Amino acid sequence: MGENQKLGGSMQCEEGTDWLLELLLEVQLQQYFLRIRDDLNVTRLSHFDYVKNEDLEKIGMGRPDACRSLDTFFTRGPRVQEPVTFEPDPAVSSDGLRVDQVPR
């Protein structure tokens, strides 16, 4: 029997929110699944970038549980990283050859 079935019909995951229930089960806070998904509109891991302790407290989660759950969510990947920009190397010509290798 799957975890969703063990939790009863009220805890059924919508497509794509299984990860949320799994993480909540891991920290034994599965009772907040519906409130996090529906009240806070968290349907992707990246949405937790915008969730604060106060938001979790407003849905009934105690401060220690809120801190613990946010720590768990922030340690999971993949996270969106800042785009990497490269400065052009002045020693390389536009055709990809090093300036000292360009035929003369």
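Computed from a predicted structure; not experimentally measured.
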Test salt bridge (Lys or Arg N to Asp or Glu O under 4.0 Å) applied to D55 - qualifying residues, sequence neighbours left out: none
Let me know which of T72, L56, L24 forms a side-chain contact (heavy atoms from CB on, under 4.5 Å) with L29. L24
Those residues at least two apart in sequence (or on a different chain) that pass side-chain contact (heavy atoms from CB on, under 4.5 Å) with E57 are N53, R63
To the nearest 0.5 Å, how far apart are CG in L40 and CG in L20? 10.0 Å
Spacing of L21 atom CG and Q30 atom CD [to the nearest 0.5 Å]: 7.5 Å
Checking K58 now: which residues fulfil side-chain contact (heavy atoms from CB on, under 4.5 Å) with it, not counting sequence neighbours? none
Distance (rounded to the nearest 0.5 Å) between T17 OG1 and E22 CD: 10.0 Å
Excluding sequence neighbours, so at least two apart, what forms salt bridge (Lys or Arg N to Asp or Glu O under 4.0 Å) with R68? D65
Okay, side chain of R35, backbone of I59: is any donor-acceptor separation there less than 3.5 Å? yes
Angle between ring planes, F48 versus F73, binned at 30° and 60°: parallel, tilted or perpendicular? parallel
Find the distance between OG1 (T43) and CD1 (I36) and round it off to the nearest 0.5 Å. 12.5 Å
